[in-house]
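To start, the structure under review is shown below, and the notes come after it.
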Amino acid sequence: MTAGEIGTTAASEGAPESKGSEHRADPPDRRGFAHDVCIVGTGRVGLPLGLSLVEAGLRTVGVDLDPQVRDAVNDGRMPFHEPGYDELVARREFTITDDSSVVSQAAAIVITVGTPLHNHVETDLSQIRKVLEQMRPHLRPNQLLCLRSTVAPGTTRFVHRWLERNTGLRIGQDFYLAFCPERIAEGKAYTELHTLPQIVGTTDPRSRELATSLFSVLAPEILPTDYVTAELVKLFNNILRYVHFALANQFAIVADTFGANIHETRRLANYKYPRSFLAAPGFTAGTCLRKDFGMINEWSPYPDMLLSAWKVNEYMPAFLVDHLLRRTEVFDRKVAILGFSFKAETDDLRDSLGPKLYRYVQRQLPTRIRVSDHHLPDPIPEASVEYPRNHSLAEALEDAEIVFIATNHAEYGPALKELAETNPEAWIVDLWNVGEADEIFYQAKTVRK
Ligand SMILES: NC(=O)c1ccc[n+]([C@@H]2O[C@H](COP(=O)([O-])OP(=O)(O)OC[C@H]3O[C@@H](n4cnc5c(N)ncnc54)[C@H](O)[C@@H]3O)[C@@H](O)[C@H]2O)c1
């Protein structure tokens, strides 16, 4: 073991037997660094990771440009909902600064900033480039840098070459670099950081050894590989889900076009048939799924399966409005939209299809649209729909003539059953079947008690 080593060497040695709360890492070899790890970008990925590393016994610090994130965490509060972390953040053992010079005091640096797409299909590397510029004067020999944001193939090589050109440090000789993708699902970070195998992409043995040592503190298994393979594993995991859901959505459109019921069709297709695993239809978006396909698609000049999947998933709000109009009018009616976050039981609005649905409904000139999502604040912070008010569920449903379920939060099933009593003629648009009516478009009176 030499400079900057963190945690243990063998993945299995560092893996917790159960949840991290019982696990303490072996004492790290700190070699003159005040911190074991510095997380740069402490958002939905970086903050849970930082807190879990602290819980595992590593001295971990964060850097973030967002004062709201810093203030909340430094005050002992989570800036967003992520189960399992409220008590950990309240201990205030993980603090966040806006001063990038802190990276010079860390044996390992983990980059977890955002990697969106530009408006057209092109990876936006600006946050990664900015972080590299910020850190450049503070990088020191023998540090390990782990890139953890989801990136297009070739990005770790870009970082490798950028570092060597701009710092004079040599990867594998006096500085170490690894791509260590995050594969958690939001809402499951606390568990999945301890249960998912960790992919570690490197080009030299020392970087692999150091990154393995770091992530063994949390992950039950380390899977070493090269940069591009590691980048593709992460993208393939996400894109597979995105394309699978697109197919489920396309089948829903096809079923409705032929007057069939997708929920029944799906149930029969999956029932005791060993080669069928058709997903339920739904709004497929969110900050990862909606953009990760572009990191591969941008390298192809042709329309491909990934672009088609994007088209299908992006069409779903229009499908709901368009196929409702085949049954009833929206013009001059009172509309409720239940759910606005990108998926169930989260307060994350980024890249949700809810606002898109809102805008399509608006085009039909209803008398009013009331949005309700108890996971989000009031007003809803979404500029593209002119900051709609966030109504209570009861307010949104009051006299509603049309109800769209835009996110399948658990509360909506019982609410629709109640609506069947209070407003039986109301039309419900329910892609996820939360009302268990086994239809996408139906009137409240058909909801089963
Ligand atoms: N959210 C998820 O569930 C998830 C899961 C797996 C992978 N990812 C990937 O992880 C990456 C981060 O996603 P996220 O959801 O955590 O994003 P996020 O926007 O929640 O967090 C990014 C953080 O980085 C900060 N930041 C941006 N530029 C900075 C800079 N120059 N210096 C310091 N801080 C800076 C932002 O203020 C923000 O707090 C993305 O590449 C994403 O695709 C996300």
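Start at 1 and go down the list; that is how both ligands and their atoms are numbered. Index from 1, following the sequence. From a predicted model like this one, the values you see are computed outputs, not experimental measurements.
Every atom of ligand 1 is numbered from 1 in the order shown, and the set under 4.0 Å from a heavy atom of Thr115 is 40 (C), 41 (O), 43 (O). When each atom of ligand 1 is checked for a heavy atom of Thr112 under 4.0 Å away, the hits are 12 (C), 22 (C). Against a heavy-atom cut-off of under 4.0 Å, Gly41 is close to the following atoms of ligand 1: 23 (C), 24 (O), 25 (C), 34 (N). Close contacts of ligand 1 with Ser149, meaning ligand atoms under 4.0 Å from a residue heavy atom, involve 11 (C), 41 (O). Each of the atoms 30 (C), 31 (N), 32 (N) of ligand 1 lies under 4.0 Å from some heavy atom of Val131. The atoms of ligand 1 that sit less than 4.0 Å from any heavy atom of Asp66 are 37 (O).
Residue Arg350 touches ligand 1 through its side chain alone, judged by heavy-atom distances below 4.0 Å. When heavy-atom distances to ligand 1 are checked against a 4.0 Å cut-off, Asp348 has no atom that comes that close, whether in backbone or side chain. When heavy-atom distances to ligand 1 are checked against a 4.0 Å cut-off, Arg183 has no atom that comes that close, whether in backbone or side chain. Only the side chain of Cys288 comes within contact range of ligand 1, with a heavy atom under 4.0 Å; no backbone atom does.
Nearest protein heavy-atom contact of atom 5 (C) of ligand 1 is Ile184 O, 3.5 Å. In terms of protein heavy-atom proximity, atom 39 (O) of ligand 1 is nearest to Asp64 OD2, 2.7 Å. Scanning the protein heavy atoms around atom 21 (O) of ligand 1, the nearest turns out to be Gly43 CA, 3.2 Å. The protein heavy atom nearest to atom 27 (C) of ligand 1 is Gln127 OE1, 3.2 Å. Counting only heavy atoms of the protein, atom 20 (O) of ligand 1 lies nearest to Arg44 N, 3.0 Å.
For ligand 1, the polar-atom distance check against Lys291 finds a nitrogen or oxygen pair separated by under 3.5 Å. Here's the thing with Val45: one of its N/O atoms is less than 3.5 angstrom from an N/O atom of ligand 1. Inclusion of Asp292 in the set of residues having an N or O under 3.5 Å from an N or O of ligand 1 is not warranted. Considering backbone and side-chain atoms alike, Glu182 places every N or O at 3.5 Å or more from each N or O of ligand 1. Residue Glu186 places at least one N or O, backbone or side chain, under 3.5 Å from an N or O of ligand 1. The shortest N or O to N or O distance between Gln134 and ligand 1 is below 3.5 Å.
Salt bridge status for Arg77 with Asp75: present, with a side-chain N to carboxylate O gap under 4.0 Å. With respect to the salt-bridge test (charged N to carboxylate O, under 4.0 angstrom), the residues Lys130 and Glu133 do not qualify. Residues Glu164 and Arg161 are not paired through a salt bridge, judged by the lack of any N-O separation under 4.0 Å between the basic side chain and the carboxylate.
For the salt bridge (Lys or Arg N to Asp or Glu O under 4.0 Å) criterion with Arg44, the lone passing option out of Glu186, Glu82, Glu182 is Glu186. Residue Glu231 is tested with Thr155, Thr156, Thr225 for a side-chain hydrogen bond (donor to acceptor under 3.5 Å, both in side chains); the sole match is Thr156.
Between the choices Val113, Thr150, Asn237, the shortest heavy-atom distance to atom 12 (C) of ligand 1 belongs to Val113.
Within a 6.0 Å sphere centred on CZ of Arg170, heavy atoms belonging to other residues, nucleotides or ligands number more than 12. For Trp432, the CH2 atom is densely surrounded, since the number of other residues' heavy atoms within 6.0 Å is greater than 12.
Put simply, the side chain of Asp64 does not reach to within 4.5 Å of the side chain of Leu47, judged on heavy atoms. At a threshold of 4.5 Å between non-hydrogen side-chain atoms, the residues Leu357 and Phe283 count as touching.
Closest approach of Val73 to Phe94, counting heavy atoms only: CG1-O, 3.6 Å. In plain terms, the two heavy atoms of Leu416 and Val403 that are nearest each other are CD2-CG1, 4.4 Å.
Side-chain atoms of Asn270 and Ser276 form a donor-acceptor pair, as typed in the model, at a separation below 3.5 Å.
Taking the six-membered ring for Trp and thresholds of 30 and 60 degrees, His194 and Tyr190 have ring planes more than 60 degrees apart, a perpendicular arrangement. Note on ring orientation: taking the six-membered ring where Trp is involved, the planes of His374 and Tyr412 are perpendicular (angle over 60°, cut-offs 30° and 60°).
Ligand 1 has at least one atom lying under 4.0 Å from a heavy atom of Lys234.
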